[in-house]
Number of protein chains: 2
Amino acid sequence: MSTEEPPLSRAERRRSTEKRILNVARQLFGELGYDRATIRGIAKAAQVDPALVMQYFDSKENLFRQVVRLDAAQSAPETADPLIAQLMAGLGVKLAGMPAPSLAMLRSMLTHPDTAAEMRETFDRQIKQVSAVLEGDDAELRAALLIMAHLGVVVGKHLLELEPLRDTRPERIIELLDPCFKTLTDPAS
Amino acid sequence: MSTEEPPLSRAERRRSTEKRILNVARQLFGELGYDRATIRGIAKAAQVDPALVMQYFDSKENLFRQVVRLDAAQSAPETADPLIAQLMAGLGVKLAGMPAPSLAMLRSMLTHPDTAAEMRETFDRQIKQVSAVLEGDDAELRAALLIMAHLGVVVGKHLLELEPLRDTRPERIIELLDPCFKTLTDPAS
DNA sequence: GCTTTCACTCAACGAGCGTAGAGTGAAGCG
DNA sequence: CGCTTCACTCTACGCTCGTTGAGTGAAAGC
């Protein structure tokens, strides 16, 4: 169908190959996690020699970093004004279409030490941010519970793919979660 | 200190060795997950030849199954009467001292396909059980959210080891989570 | 058109893995 | 005491992995 080939220049071809590898890597890291996604598997799926992957990305660790870096870039608007509302909005985004690179991080966060460390930092930061605007006792704890509950739902939907979560509109999920989380954000325990 | 050695019989020695291997395996599978915990590593930590592990447990997959089987045996009282209360009590137990084998399952659930499948079954079953006693719309969805929020908190405490969760008494956590989850169990959305 | 560049492949390495079979030496038993 | 049993070790296999360095052939530059 698109067998028409506007003859690509060398540089164009190179960029397109690199991007293809990156896309495949993103998908496989997301599906399989760091350990089970292999350079050889990525290369085969990208229809390329494994050695080429190394030339472009130096090492598997570095390829993984490139893959998950795309995430960090797009995930932090950080205006932090109506922070809680924004947290919920963030959840909405994550539920609708999880940014693909995040999947790779999520998938590997329990088994890949570097990812675990990075994730813990991220969550610690979020906890501090959120708890700063929470009133009442145990603000940090409540923030942590809030964020981990988020995490659980996202994991259930995108990684475990539980049917009730898979098949429900994100808006409905947020609708249900909203009053639930209000009990953690409002100082009335 | 305990360098006293009541001379063990051959059968006793064998059982003790097997148990030692199993304990080490449980710990390493829990800390590292299925893939990164190796037979060789387990054998070394148990001060035993790798081949012996194979003789006793046939294969790595089977050793892992033995390890996580201990979990299933102890985790299901299943009287299911005041089911929700029991769910919270279960969370209390998980927060206090996670049954060690469960850690191995939790740790591997995102990257080890068999574990993922088993976990999904477990959660599906729990969702059905809980949703059966929930009134109102979207019972299954609400049950799923409940259970996944649980999961997130447990993961945050035992696997990510977030400080606020690590350092807080389980009772306090349940105290905070209880009203939060009530909004999901009571039909008032 | 000749040379240089460079995207890409080929072949191979060393390491670590799960696993198998033959061996060993002390405990158990007649 | 001698034979058997068996908990345990040794050695090695085949595989897959990440990674490397030498090649190749077509595009780019002069």
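Note: hydrogens, waters and symmetry copies are ignored here, and every other heavy atom, side chains too, is used. By convention in this document, chain letters (A, B, ...) are assigned in the order of the sequence lines, proteins followed by strands, and residues within each chain are numbered from 1.
- Nucleotide D:dG18 holds its P atom 10 Å from the CG atom of A:Leu63, rounded to whole Å.
- What separates CG of A:Asp35 from P of C:dC17 is a distance of 12 Å, to the nearest Å.
- With B:Tyr56 as the aromatic partner, B:Arg14 meets the cation-pi criteria of under 6.0 angstrom to the ring centre and within 45 degrees of the ring axis.
- One interatomic measurement links the two molecules: CG of B:Asp49 to P of D:dT11, which rounds to 10 Å at whole-angstrom precision.
- The nearest whole Å value for the distance from the CD atom in B:Glu61 to the P atom in C:dG18 is 11 Å.
- Aromatic ring pairs are classed by plane angle as parallel below 30°, tilted from 30° to 60° and perpendicular above 60°; the pair A:Phe29 and A:Tyr34 is parallel.
- Atom-to-atom, CD of A:Gln47 to P of C:dC8 comes out at 12 Å; the value is rounded to the nearest Å.
- Side-chain contact of B:Arg26 with B:Asn23: a donor-acceptor pair under 3.5 Å is present, judged by distance alone.
- The distance from atom CG of A:Leu52 to atom P of D:dT20 is 14 Å, rounded to the nearest whole Å.
- Under the 3.5 Å distance criterion, with hydrogens and angles disregarded, a donor-acceptor pair is assigned to the side chains of B:Glu61 and B:His112.
- Taking atom CZ of residue B:Arg40 and atom C1' of nucleotide C:dC17, one finds them 6 Å apart after rounding to whole Å.
- Position along DNA chain C of the nearest nucleotide to B:Ala11 versus B:Met54 favours B:Met54 as the more 5'-ward residue.
- Place B:Arg20 and B:Arg10 on DNA chain D by their nearest nucleotides, and B:Arg10 ends up nearer the 5' end.
- Nucleotide D:dT9 holds its P atom 15 Å from the CD1 atom of B:Ile39, rounded to whole Å.
- Residue contacts shown for B:Arg14 are limited to sugar-phosphate atoms, with no base heavy atom under 4.0 Å away.
- OP1 or OP2 of D:dC8 sits under 4.0 Å from a side-chain N or O of B:Tyr56.
- Note on A:Thr17: a side-chain N or O is less than 4.0 Å away from OP1 or OP2 of C:dC8.
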